[in-house]
Novice: 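Dropping the structure in here first, questions after.
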Amino acid sequence: MVIKYSKEIRELLDSLNSKQLMYTNFELKNPKNGLYMLGVYHMVPGKGMNMLQAAAEVAAESSTGTNFTVQTETDFSREMNALVYKVDLKKELVWIAFPWRLFDRGGNIQNILTYIVGNVLGMKQIKALKLLDLWFPSAMLEQYDGPSYTLDDMKKYLVIKNRPVLGTIIKPKMGLTSAEYAEVCYDFWVGGGDFVKNDEPQANQDFCPYDKMVLHVKEAMDKAVKETGNKKIHSFNVSAADYDTMIERCEMIRNAGFEAGSYAFLIDGITAGWMATQTLRRKYPDVFIHFHRAMHGAFTRPENPIGHTVLVLSKLARLAGASGIHTGTAGVGKMKGTPQDDIIPAHNILQLLADGHMFEQSWAKVPKDDKDLLKLVKEDVAHHVILEYDSWRGVKKCAPIISGGLNPAKLKPFIDVMGNVDFITTMGAGVHAHPDGTQAGAAALVQAMEAYNKKISIEEYSKKKGKKELARAIEFFGKPKKATDDESH
Ligand code: CAP
Ligand code: MG
Ligand code: MG
Ligand code: MG
């Protein structure tokens, strides 16, 4: 069957040199045949290159090629070429199919990134190159760990349903002694909060030695659990300079007497790396692996023409087996981000079937003709239960973790934009800047959640008896005043 190309495409094809032609195939029968991972980039060609020439150079450098055809190519190596299979000249978009046999076997995420946003980001042949979305065939999904301990397990441990996990980050970000740090944890927990995380730079600073921080947090947690009768969780940052120190921190926590479920391991997934993230997932499948994404802005900010989206980062974190990753507040908080940028990733790491920016991704191996199962997956009416115990057929959920600049007055606005309560929220300033302190900040957060579940506005609810912490939070955070910290971000 002869494909009719537009004049423009025909001219672009005629402009390709023999090497570039080897990385282009607009007649690829079915890119979703299971042999390829698919990616879509926004791309602006570099000087002297047209769209298709530059796209073919990207496909070459992100798979088997370099800037010249080499004499050492073989028939098989050519089978591993990535292929440009579609372009949208108006929108400056390029679709590339990557034979996923290129990737390190055994589920290695850093290896994928080294190809698809590795050297290509530094090439002269492009002026802009941003990976917008990825699509994984189910045969490939099965090679990757996916999450083990999930948000469902965490909610079971906390004995909570139809509400987010209410958390905080201890502030000031750094500078408290281990005892002072634990005191703030205690205040948040007795105020009614569920979950406390180290801030992303917390490590073994001389004024807050790691071992003492762990022990003081254990004491604070025991006290708070006893006084409230509720389970509590602490997410410890185990990022470190080297593997041994990271494992030493994990083992210190596990040997400090925390019961399973009461602690999570936080990893600065970008600065500590994918190997650290995957090591934790594989070594501690019974622990919630909390991926903090500090430094992601270098790649993901909408105004960055070179890099990748939050969606790409979030989907790879799920593939790697992070139990949760920060996905942004969709502009409700202090960080840049829109519903498009932040909510689509949150849905893509939560659901078994979700629309991305460019692809609909199924995270389950559901037979196409299995209409009723597909209906369950599509409407997610099964709430993942269909795949709970047959993980071979699907990649478990990864929890959106929502922080940056949220406070109790912004909880409902965020839930409204998110469209569900299947997430963890960790408010730092939103709790510890409360005029009556951390305990009141936690109480205000709990009251804001109560108001939401009772379908009453926080203004109304805060007038009721015993809800003064919420009233004070609204007063302090809710009304736009002169340029406060929050607005100056
Ligand atoms: C939030 C936070 C988080 C950022 C990360 C901070 O503190 O602890 O690390 O939210 O951003 O250090 O800023 P606040 P994101 O709650 O006081 O803002 O969640 O978008 O990755
Ligand atoms: Mg699988
Ligand atoms: Mg106190
Ligand atoms: Mg932080």
Side-chain angles (χ1 to χ4, degrees), residues 164-176 181 184-185 188 193 195-203 205 208 234-239 264 266-272 277 290-302 304 307-314 316-317 322-346 349 398-411 413-414 417-418 423-434 437-438 441-442 444-445 448 473 476-477 484-489:
V165 173
L166 301 178
T168 189
I169 302 130
I170 301 302
K171 301 286 178 183
K173 184 175 277 211
M174 199 44 61
L176 297 181
Y181 177 91
V184 181
C185 294
F188 179 72
F195 177 95
V196 174
K197 70 176 276 287
N198 280 151
D199 218 330
E200 70 278 3
Q202 180 89 34
Q205 285 82 1
C208 186
H234 189 279
S235 182
F236 290 93
N237 185 6
V238 295
S239 312
L266 185 146
I267 189 75
D268 294 326
I270 309 261
T271 52
T277 304
H290 178 160
F291 189 117
H292 193 285
R293 59 179 186 166
M295 198 175 140
H296 75 93
F299 313 105
T300 61
R301 282 187 70 130
N304 286 7
H308 60 72
T309 55
V310 168
L311 177 62
V312 165
L313 174 66
S314 310
L316 288 170
S323 306
I325 181 171
H326 290 241
T327 46
T329 61
V332 173
K334 74 185 181 190
M335 302 294 200
K336 285 208 71 159
T338 64
Q340 170 81 3
D341 299 336
D342 295 349
I343 300 300
I344 286 180
I349 59 174
C398 173
I401 301 171
I402 314 297
S403 55
L406 285 187
N407 64 64
K410 293 189 174 178
L411 181 64
F414 181 76
V417 80
M418 174 73 170
F423 61 89
I424 299 170
T425 176
T426 54
M427 299 180 189
V431 163
H432 309 294
H434 189 291
T438 296
L445 177 54
F476 181 78
F477 293 111
T484 64
D485 279 0
D486 184 45
E487 282 134 57
S488 62
H489 267 74

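Read the numbers this way: they start at 1 and go in the same order the structure lists the ligands and their atoms.
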Novice: Between Met335 and ligand 1, which residue portion shows a heavy-atom distance shorter than 4.0 Å: side chain, backbone, both, or neither?
Specialist: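 Only the side chain of Met335 comes within reach of ligand 1.
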Novice: Run the salt bridge (charged side-chain N to carboxylate O under 4.0 Å, His left out) test on Glu200 and Lys173 for me, step by step, so that the C-alpha distance in whole Å, both residues' side-chain angles and the decisive distance to 0.1 Å come before the verdict.
Specialist: CA-CA 8 Å; Glu200 70 278 3; Lys173 184 175 277 211; 2.8 Å; yes
Novice: Starting from atom 13 (O) of ligand 1, find the nearest protein heavy-atom neighbour and note its residue, name and distance.
Specialist: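 That would be Lys334 NZ, 2.6 Å.
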Novice: Using every non-hydrogen atom in the two residues, find where Ser235 and Leu266 come nearest and quote the distance to one decimal.
Specialist: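 Closest pair (atom of Ser235, atom of Leu266, distance): OG-CB, 3.5 Å.
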Novice: Main chain of Ile402, side chain of Thr425: is a donor-acceptor contact present, judged purely on distance under 3.5 Å?
Specialist: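 Looks like yes, one N/O pair under 3.5 Å.
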Novice: Which of the N/O/S atoms in Glu200 sits closest to the Mg ion (ligand 4)?
Specialist: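 Among the N, O or S atoms of Glu200, the one closest to the Mg ion (ligand 4) is OE1.
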Novice: What's the shortest distance from atom 20 (O) of ligand 1 to any protein heavy atom, and which residue and atom give it?
Specialist: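 Going atom by atom, the protein heavy atom closest to atom 20 (O) of ligand 1 ends up being Arg293 NH2, 2.8 Å.
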Novice: Just need the protein heavy atom nearest to atom 6 (C) of ligand 1, so name the residue and atom and give the distance.
Specialist: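 Heavy-atom neighbour on the protein nearest atom 6 (C) of ligand 1: Lys171 NZ, 3.4 Å.
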Novice: Within ligand 1, which atoms have a heavy atom of Gly405 less than 4.0 Å away?
Specialist: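 So the answer, numbered in order with elements, is 14 (P), 16 (O), 18 (O).
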Novice: With side chains defined as the heavy atoms from C-beta onward, is the minimum distance between His290 and Ile424 less than 4.5 Å?
Specialist: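 Not in contact.
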Novice: Is it the case that the ring center of His326 lies less than 6.0 angstrom away from the ring center of His296?
Specialist: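 Ring centroids of His296 and His326 are no less than 6.0 Å from each other.
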Novice: Looking only at N, O or S atoms, which one in Asp199 sits nearest to the Mg ion (ligand 4)?
Specialist: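 For Asp199, the N/O/S atom sitting closest to the Mg ion (ligand 4) is OD1.
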Novice: With no hydrogens and no angle check, is any side-chain donor or acceptor of Asn407 less than 3.5 Å from a backbone partner on Ala409?
Specialist: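 Here the side-chain-to-backbone pair exists.
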Novice: Please list the nearest protein heavy atom to atom 9 (O) of ligand 1 with its residue and the distance rounded to 0.1 Å.
Specialist: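 Looking at atom 9 (O) of ligand 1, the protein heavy atom closest to it is His292 NE2, 2.8 Å.
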Novice: Please write down residue, atom name and distance for the protein heavy atom closest to atom 17 (O) of ligand 1.
Specialist: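 Going by distance alone, atom 17 (O) of ligand 1 is nearest to Ala429 N, 2.8 Å.
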Novice: Between Leu406 and ligand 1, does any nitrogen or oxygen pair lie at a separation below 3.5 Å?
Specialist: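 No; every N/O pair is 3.5 Å or more apart.
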Novice: If you compare all heavy atoms of Leu411 against all heavy atoms of Met427, which two are closest, and at what distance to 0.1 Å?
Specialist: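 For Leu411 and Met427, the tightest heavy-atom pair comes out as CD1-CE, 4.1 Å.
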Novice: How long is the straight-line distance from CD of Gln202 back to NZ of Lys197, given to the nearest 0.5 Å?
Specialist: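 It is 10.0 Å, given to the nearest 0.5 Å.
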Novice: Which ligand 1 atoms does Gly404 reach within 4.0 Å, using its non-hydrogen atoms?
Specialist: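 Answer for ligand 1: 10 (O), 18 (O), 19 (O).
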Novice: When you measure from atom 12 (O) of ligand 1 to every protein heavy atom, which one gives the shortest distance, and what is it?
Specialist: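 Result: Lys173 NZ, 2.9 Å.
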Novice: Looking at atom 19 (O) of ligand 1, what's its closest protein heavy atom, distance included?
Specialist: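 Answer, as residue, atom name and distance: Ser403 OG, 2.5 Å.
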Novice: Could you measure the distance from the OH atom of Tyr181 to the CE atom of Met174? Nearest 0.5 Å is fine.
Specialist: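 So the gap between those two atoms works out to 9.0 Å.
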Novice: Is it the side chain (CB and beyond), the backbone, both or neither of Asp199 that lies under 4.0 Å from ligand 1, heavy atoms counted?
Specialist: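 The side chain, only.
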Novice: Purely on distance, is any nitrogen or oxygen of Met427 under 3.5 Å from one on ligand 1?
Specialist: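 No, Met427 has no N/O under 3.5 Å of an N/O on ligand 1.
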Novice: Provide the closest heavy-atom pair for Gly430 versus Pro408 in the form atom of the first, atom of the second, distance.
Specialist: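 Closest approach of Gly430 to Pro408: O-CD, 3.2 Å.
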Novice: Nearest protein heavy-atom contact for atom 1 (C) of ligand 1: which residue, which atom, what distance?
Specialist: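 Nearest neighbour among protein heavy atoms for atom 1 (C) of ligand 1, to 0.1 Å: Ile169 CD1, 3.5 Å.
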Novice: Go through ligand 1 atom by atom and flag the ones less than 4.0 Å from a non-hydrogen atom of Glu200.
Specialist: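 This gives 8 (O), 9 (O), 12 (O) as the contact atoms.
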Novice: Is the ring centre of Phe195 less than 6.0 Å from the ring centre of Phe188?
Specialist: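 Between Phe195 and Phe188, the centre distance exceeds or equals 6.0 Å.
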Novice: Would you say Gly430 contacts ligand 1, with heavy atoms under 4.0 Å as the rule?
Specialist: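 So Gly430 does not count as touching ligand 1.
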